[in-house]
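Accompanying notes for the structure given below.
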Amino acid sequence: MKPSRNNSRRDFMKTATLATAGATVLSPFSIPGAYAAGSDVIKIALIGCGGRGTGATFQAFETGHNIKLVAMADAFKDRLEDSYSKFLRKFGKEKVDVPEERKFIGFDAYKHAIKEADVVIIATPPGFRPYHFEEAVRQNKQVFMEKPVATDAIGIRKVLAVAEEARSKKLNVVVGLQRRYQDSYVETIKKIHDGAIGDIVGGQVFWNGGGVWVRERQPGQTEMEYQMRNWYYFNWLCGDHIVEQHVHNIDVANWVKGSYPVKAEGTGGRLVRKGKDNGEIFDHHVVLFTYDDGTVIHSECRHFPGVHNRVDETFQGTKGRCFMHAGNHGTLWDAGGNEIYKHNGENNPNPYQTEHNELFAAIAKGEYKFADAENAAKSTMTAIMGRYATYSGKVISWEEALNSEVSLMPEQLNWDAKPRVLPNEDGYYPYAIPGKTKVI
Amino acid sequence: MFRKRIYALLTFAGCSVAFLTITAWASRLQKDTFEPYTQKIRGTSAAFDMIPIPEGTYRMGSTEDNPHHKKDEIPQHKVKIAPFWMGAHEVTWDIYEMFLNKGYEQSVSDTPLTDEVDAVSRPTTPYLDMTFGMGKENMPAIGMTQYNAIQFCKWLYTKTGVFYRLPTEAEWEYACRAGSTSSYFFGNSPEKLADYAWYANNSDDKTHPIGQKKPNPWGLYDILGNVMEWTVDQYAPESYTKYAGKTVNNPVAEATELYPRVIRGGSYKSSAEDLRSAKRFASTPDWKKIDPQMPKSNWWFPEAPFLGIRVVRPLNPPSEEEIMNYYNQPPIEDY
């Protein structure tokens, strides 16, 4: 057991070291796709013009580097135009150089937008992430992409392969698991890794909230358009809230443990989420993730209004315990219950901004420093494994989960094509039944 | 324009036309019905208590001889306030969450939602957990913008037919002082503060259920501490300068800029000094620093888990048109 744990920790720390140490410095000429010497303009393209993509692009501009937005892509023209108008109003024509011929619409829009840029911001619904990431790396672009990085194991395997390619090409990749760029988490977890509370032997992670937006079906929409608009409720696009949202807390568990779980078992279902506009996703999941040293992390996520909310992470070690949450909070206690560390969260920087500051600083210097994709894929895979467990009712091993051949993607991507999951005659969608639904 | 509307909201009784008739009507109303009452929310078991705050004149702000005075609290000046009711408590999640989540509101209601209620703008679902792990039951709702708080009042109006709004800064301080002229409504020394307020020294850095401490002399619980409370006004450090030596009638500083806006009352995080009745706080864009969306949310301050709502209701309500103008102010985009 011990050698295996150490091995996992060493592998993890290798990844972490690459992501945080920044030892490699290269001439700009050494990075294929890096902006050309003689010009200091960094050209960016935005793939996916929703709220998060728009926010990420604002954050890119706010890094203060000489950045120009040169292309935008979205499945929907109205989303692209809404986002474009915000950029233009705030940053002006000099920085927002996206004429009509560089506004790309539709399912293949991303390919054309990627071609125009040095750095690609990918913020589409996560089901598309593997394909967009693949194209960006194929075209030798540096990448910021939002979490999660896939919705099924087939997508994860692709991301892992592309992550390897990005590494060999020395393309920086930052993923929007912004707790990894948040001072309270970075400082608190460093102390944990330095042994402040001993070896981690248990923990609990939570995203218990009230739910997210709904975009109701509109008259005249094809099934494909409706699912694309209301994407949170369809697994091919979203992965369910355990993957789309709770991945943040699950990633913290993996980060603290310095490894990924070897199996998952759990229970979930739909109690509150019963409407026609709620697609196929569950409203709660409770999963036990077991790591190779026997540590069990309890993971809980729910979308229940009117009940107690909780979004935080707690861990127990052989010498103490810790508590963290995204409001810049990190506290450690010793085994006697005495507080031994409390992070001062006042005036801490915005981690969403920090992740862009660090990425663009590396790009501007011609440094190869960030390789977040592999860890993001494995933490996303952890969450997907949890969904596989709750949907099937089985104990799911990491190997079984990672090698699942069950695809969620539609056979074809066009506005008249049919997604795999369709409503019944009453307008309700089928959802997973534990004991019956196959996930691997 | 807004100022005129606000004056109308506040001082309808001052209208000189048909003065005698209005006076007689107001007197009768006040004698018969200006009492504490419980507002029920139709179709649900939720309710909240309202306390009458009598008409009166008081000294707003601080004098320079108060050792804890701040520059923005000077000069102290006389203010005349029209009668109103004020919420006995800060607004709790139990009520606020029905506004926040229409599906939840419907699920706890024993009648279908009306079209008017259905049409009220609701907050976007917050990205973070806005309870910050501090719980909901009987706890003050927190982290909302002023726009959010005003839309909550609109939802209340739509549910109850009664005009509720945020207090003006002048109304808030008048109600808090409850006739006192000292730093706190119970005296100048913070010695007894813990009897009345949750603040830095006793809160363990979190919100607490409403109503656990003693009320002020007029019956307002947690008016100091627990959570800060929204007012209507635009904040400026020199707001009081123009009132020096004057008696002002129901003053309000028209809010035209998104920042800063006046907040009162201090919170579970505040020092004793910051819980004085005259203390002024102001909203800041830093409270949205962690919001990843652009433009920033009109609805939430994810870094203000110490800020909530206490509603008021004027004894003499303004016209329907004026009410709608108050509720339907468009949000100012925040980049």
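Just so it is clear, the values below take in all heavy atoms, side chains as well, and ignore hydrogens, waters and symmetry mates. Order of the sequence lines sets the chain letters (A, B, ...), proteins ahead of strands, with each chain counted from 1. As the structure is a prediction and not an experimental result, all values here were calculated from the model.
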Review point. Among Pro295(B), Gly103(B), Gly133(B), who wins on heavy-atom pairs under 4.5 Å with chain A?
Key: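 Maximum pair count with chain A is reached by Pro295(B).
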
Review point. Which distance, rounded to the nearest 0.5 Å, do you find between the CG of Asn350(A) and the NZ of Lys289(B)?
Key: 7.5 Å

**Study point:** From His303(A) atom NE2 to Thr125(B) atom OG1, the distance as rounded to the nearest 0.5 Å
**Key:**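 One gets 8.5 Å once the value is rounded to the nearest 0.5 Å.
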
Exercise for review: In plain terms, say whether Glu333(B) and Arg89(A) are close enough for a salt bridge, that is, a side-chain N and a carboxylate O under 4.0 Å apart.
Suggested key: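 Salt bridge between Glu333(B) and Arg89(A), a charged N being under 4.0 Å from a carboxylate O: yes.
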
Under 4.5 Å heavy-atom distance to chain B, tell me which part of [X] shows up: side chain, backbone, both or neither.
| X | value |
| --- | --- |
| Gln353(A) | neither |
| Lys86(A) | both |
| Val214(A) | neither |
| Asn309(A) | both |
| Arg52(A) | both |
| His356(A) | neither |

Point to revise | Minimum side-chain heavy-atom gap His308(A)-Thr131(B) below 4.5 Å | key: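 His308(A) vs Thr131(B): side chains apart.
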
Exercise for review: With the side chain counted from C-beta on, respond yes when Glu303(B) and Asn328(A) share a heavy-atom pair under 4.5 Å apart, and no when they do not.
Suggested key: yes

Point to revise | Where Asn101(B) and Gly210(A) come nearest, the two heavy atoms and their spacing | key: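 Looking at all heavy atoms of both residues, the shortest contact is ND2-O, 3.6 Å.
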
Point to revise | For the student: nearest non-hydrogen atoms of Ile290(B) and Ala326(A), plus distance | key: CD1-O, 3.6 Å

Exercise for review: Report, as yes or no, whether the 6.0 Å neighbourhood of atom CD on Glu137(B) holds more than 12 heavy atoms from other residues, nucleotides or ligands.
Suggested key: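 Counting neighbours around CD of Glu137(B), 12 or fewer heavy atoms of other residues, nucleotides or ligands fall under 6.0 Å, so no.
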
Review point. Hey, is OH on Tyr431(A) packed in by over 12 heavy atoms from elsewhere, all under 6.0 Å?
Key: no

Practice item. Quick one: sort the Tyr335(B) and Phe58(A) rings into parallel, tilted or perpendicular, breaks at 30° and 60°. Key: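 Correct class here is parallel.
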
Check your understanding: Of all of Gly327(A), Gly211(A), Gly345(A), Gly53(A), which one pairs up most often with chain B through heavy atoms under 4.5 Å apart?
Key ->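 Top count of heavy-atom pairs under 4.5 Å with chain B: Gly211(A).
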
**Study point:** Side chain Asp129(B), main chain Gly209(A), donor-acceptor under 3.5 Å
**Key:**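 Checked: no pair found.
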
Point to revise | Side-chain donor or acceptor of Lys136(B) paired with backbone N/O of Val307(A) under 3.5 Å | key: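 Confirmed, Lys136(B) side chain pairs with Val307(A) backbone.
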
